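One structure below.
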Amino acid sequence: MKVNTGHLTYCTNIHAGKNWSEDFAALQKNFPLIKENVSPEAVLGLGLRLSNEASLKLIQTAPLADFKAWLAENKAYVFTMNGFPYGKFHNTVVKEHVHTPDWTTQDRGDYTIRLFHILEELLPAGMDGGISTSPLSYRHWFNTAEELKTAIHTATLNIIAVIKELVLINKKTGVIMHLDIEPEPDGILETGREFIDWFEGDLISLGIPELENSFNVSAAEAKELLERHLNLCYDVCHFAIGYEKHADVLKELEEKNIKVGKIQISAALKGNMNLAPDKKTGMKTAFSKFNEPTYLHQVVALKNDGEVIRYQDLPVALEDFDHEDVAQWRAHFHVPISIEEIGLLESTQSDIVEVLKLQKNNPFTNHMEVETYTWEVLPEQLKLPITQSISKELQWVVDQLK
């Protein structure tokens, strides 16, 4: 929906579906109820998530025409997509394979380009479109500095190939679309700092000569094309987990003319650890309730001296729960953004409030997407009916932006 600082939607990766038929059925069942709750008169956007299998179906003429007709009939539109998970994302063990295939492979590039051609067909006239994606790969798949360097090089070249396709689409149609890299815990690009350094280093050094040669443009023009078509997906949960200072990151991005393609509005778990021993037992029990086997739930522990300890998953962190000199834990578990207190735990809702205030005062993107994909694996006490849960989150964001 159009709000005072851009377009707001929710990501459909909350709906379980392994192919386009199941995805479309979930939208047909749930979207009208959500729209009636939050935007009964005005059009409401969709943040569409498609697996590779679903994308192969939807790009076909008849299914795409049927979907476009359904969008028009239901006063819906698609302006952003989630191209991070390639395969099944529910009712299976995902863990680090959310990155599979990663950006070192041709399959990831082919899938992403296909998504952009679908988005090109769905995008309303005059709007830019974006697709969020993996931060190159999962860093723990690479055992040496040389392996990691090679992976970054290969991944960057594959991303540049997608950018070249976006330049061609823009030249042909005038439509502007951008690939939005989403830093997350244990990705090769894990933090805002790593993303900016990669953008200014690998992407610029490899991308400028490639675009100069492909499109007969100057180095300055090639840099502008990179800045137009490669953006950052600012997932608030991921930046909060790393204790990043949102205002500082966004200021540096603006100074360096690196655009934010989308805010993913999401909340992590946090717990203050400076507790008496009897209280800490309850805190461990509270975190343990979120230990489920589908997704990675990395933990970043903040020490009293300001340093951090990074754990690859919640079970590993729980084994080290009694680590001394730790002030706070933050865990990568997307919890409903409208909830601040969860028993002894809290959410990082205050980070969302801060980011939305920055967006309200000085808009830095026009795409905003609520993303709480963990609905199916939430503890029962947090699980509202899915349409009610999504509606409540969207309305909470609307209220914050007023």
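Numbering starts at 1 and runs along the sequence shown. We use all heavy atoms of the structure for the numbers below, so side chains are in, but hydrogens, waters and symmetry mates are not. Note that the coordinates shown come from a computational prediction; the quantities given were computed from them, not determined experimentally.
Here the side chains of Val335 and Thr374 are not in contact, with every heavy-atom distance at 4.5 Å or above. You'll find the side chain of Thr80 reaches within 4.5 Å of the side chain of Thr9, heavy atoms only. At least one side-chain heavy atom of Leu318 sits under 4.5 Å from a side-chain heavy atom of Ser288. For the pair Ile386 and Ile14, the minimum side-chain heavy-atom distance is below 4.5 Å.
In this structure a side-chain-to-backbone donor-acceptor pair under 3.5 Å is present from Gln359 to Thr365. Although no hydrogens or angles enter the test, the distance criterion places no donor-acceptor pair under 3.5 Å between the side chain of Glu346 and the main chain of Glu341. Side-chain N or O atoms of Ser205 include one that pairs as donor or acceptor with a backbone N or O of Asp202 at under 3.5 Å. Without hydrogens or angle criteria, Gln328 side chain to Asn272 main chain gives no donor-acceptor distance under 3.5 Å. When atom types are taken as modelled, the side chain of Thr348 and the backbone of Asp351 share no donor-acceptor pair closer than 3.5 angstrom.
The CG atom of Leu27 sits 7.0 Å away from atom CG of Leu48, with the distance rounded to the nearest 0.5 Å. Note that CD1 of Ile118 and CG of Leu123 are 13.0 Å apart. Values are rounded to the nearest 0.5 Å. Put simply, CG on Leu122 and NE2 on His117 are 13.0 Å apart, with the number rounded to the nearest 0.5 Å. The distance from the NE2 atom of His140 to the CD1 atom of Ile188 is 11.0 Å, given to the nearest 0.5 Å.
Note: Phe195 and Phe199 have tilted aromatic rings, judged against thresholds of 30 and 60 degrees for the angle between ring planes. Relative ring orientation between Phe290 and Phe333 is described as perpendicular, the plane-to-plane angle rising above 60° on a 0-90° scale split at 30° and 60°. Using the six-membered ring where Trp is involved, Phe239 and His246 have ring planes that are tilted, between 30° and 60° apart. Relative orientation of the Tyr86 and Tyr111 rings is perpendicular, given thresholds of 30° and 60° on the angle between their planes.
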- request: Go through the steps for Asp23 and His15 under the test side chain to side chain donor-acceptor pair (under 3.5 Å), then give the verdict.
  value: CA-CA 7 Å; Asp23 290 343; His15 302 305; over 6 Å; no
- request: Would you please test Tyr138 and Asp102 for side chain to side chain donor-acceptor pair (under 3.5 Å) and show each step?
  value: CA-CA 8 Å; Tyr138 183 64; Asp102 66 11; over 6 Å; no
- request: Apply side chain to side chain donor-acceptor pair (under 3.5 Å) to Thr372 and Glu393, showing your working.
  value: CA-CA 9 Å; Thr372 309; Glu393 291 187 293; 2.7 Å; yes
task: Check step by step if salt bridge (charged side-chain N to carboxylate O under 4.0 Å, His left out) holds for Lys223 and Glu227.
output: CA-CA 6 Å; Lys223 186 171 183 286; Glu227 291 168 345; 2.5 Å; yes
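For the pair Glu254 and Lys251, the salt-bridge criterion is not met [side-chain N within less than 4.0 Å of a carboxylate O]. Using a 4.0 Å cut-off between charged side-chain N and carboxylate O, Lys284 and Asp322 make no salt bridge. Ion pairing between Lys303 and Glu307 fails under the 4.0 Å rule for side-chain N and carboxylate O.
Partners of Thr281 under the side-chain contact (heavy atoms from CB on, under 4.5 Å) rule, at least two apart in sequence or in another chain, do not exist in this structure. Listed by chain and number, the residues in a side-chain hydrogen bond (donor to acceptor under 3.5 Å, both in side chains) with Lys164 are Glu210, Ser214 (sequence neighbours excluded). Scanning for side-chain hydrogen bond (donor to acceptor under 3.5 Å, both in side chains) contacts around Glu121 gives Lys68, with sequence neighbours left out. Evaluation of the side-chain hydrogen bond (donor to acceptor under 3.5 Å, both in side chains) rule for Asn274 yields no partner, not counting sequence neighbours. For His238, the ring-ring contact (aromatic ring centres under 6.0 Å, His included) test picks out His332, His334, with sequence neighbours left out. Residues satisfying the ring-ring contact (aromatic ring centres under 6.0 Å, His included) criterion with Trp103, sequence neighbours excluded, are absent altogether. For the ring-ring contact (aromatic ring centres under 6.0 Å, His included) test, residues two or more places apart in sequence or in another chain that qualify with Phe79 are His7, Tyr77, His367. By the ring-ring contact (aromatic ring centres under 6.0 Å, His included) test, Phe24 is found to be paired with Trp20, Phe67, Trp70, residues two or more places apart in sequence or in another chain being considered.
A cation-pi arrangement is not found for Lys270 relative to Trp329, the charged atom failing to lie both closer than 6.0 Å to the ring centre and inside a 45° cone about the ring normal.
Nearest heavy atom pair, residue Ala301 against residue Val326, reads CB-CG1, 3.9 Å. Of all heavy-atom pairs spanning Ile337 and Ser266, the tightest one is CG2-CA, 3.8 Å. Glu165 and Ile113 get closest at one heavy-atom pair: CG-CG2, 3.9 Å. Minimum heavy-atom separation, Asn291 to Pro315: OD1-CG, 3.3 Å. The two residues Pro183 and Pro135 come nearest to each other via the heavy atoms CA-CB, 3.9 Å. Nearest heavy atom pair, residue Phe89 against residue Asn13, reads CE2-ND2, 3.9 Å.
Residue pairs meeting the salt bridge (Lys or Arg N to Asp or Glu O under 4.0 Å) criterion with at least one partner in residues 173-193, sequence neighbours excluded, are Arg139-Glu190, Glu190-Arg310, Arg193-Asp197, Arg193-Glu252. Judged as a ring-ring contact (aromatic ring centres under 6.0 Å, His included), not a single pair has a partner in residues 144-173 (not counting sequence neighbours). Residue pairs satisfying the ring-ring contact (aromatic ring centres under 6.0 Å, His included) criterion with at least one member in residues 205-233, sequence neighbours excluded, are absent.
Judged by distance alone, the side chains of Ser137 and His99 never bring a donor and an acceptor atom under 3.5 Å apart. Side-chain N/O atoms of Thr12 and Arg49 include no donor and acceptor closer than 3.5 Å.
Under a cut-off of 6.0 angstrom, the local environment of NZ in Lys95 is crowded, with over 12 non-hydrogen atoms contributed by other residues, nucleotides or ligands.
Checked against the 6.0 Å centroid criterion, the rings of Tyr295 and Tyr373 qualify as a close aromatic pair.
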Return a table of donor-acceptor pairs under 3.5 angstrom between the side chains of residues 36-45 and protein atoms on other chains or two or more places apart.
{"unit_1": "Asn37", "atom_1": "ND2", "unit_2": "Leu33", "atom_2": "O", "d": "3.2"}
{"unit_1": "Asn37", "atom_1": "ND2", "unit_2": "Ser391", "atom_2": "OG", "d": "3.0"}
{"unit_1": "Ser39", "atom_1": "OG", "unit_2": "Ala42", "atom_2": "O", "d": "2.8"}

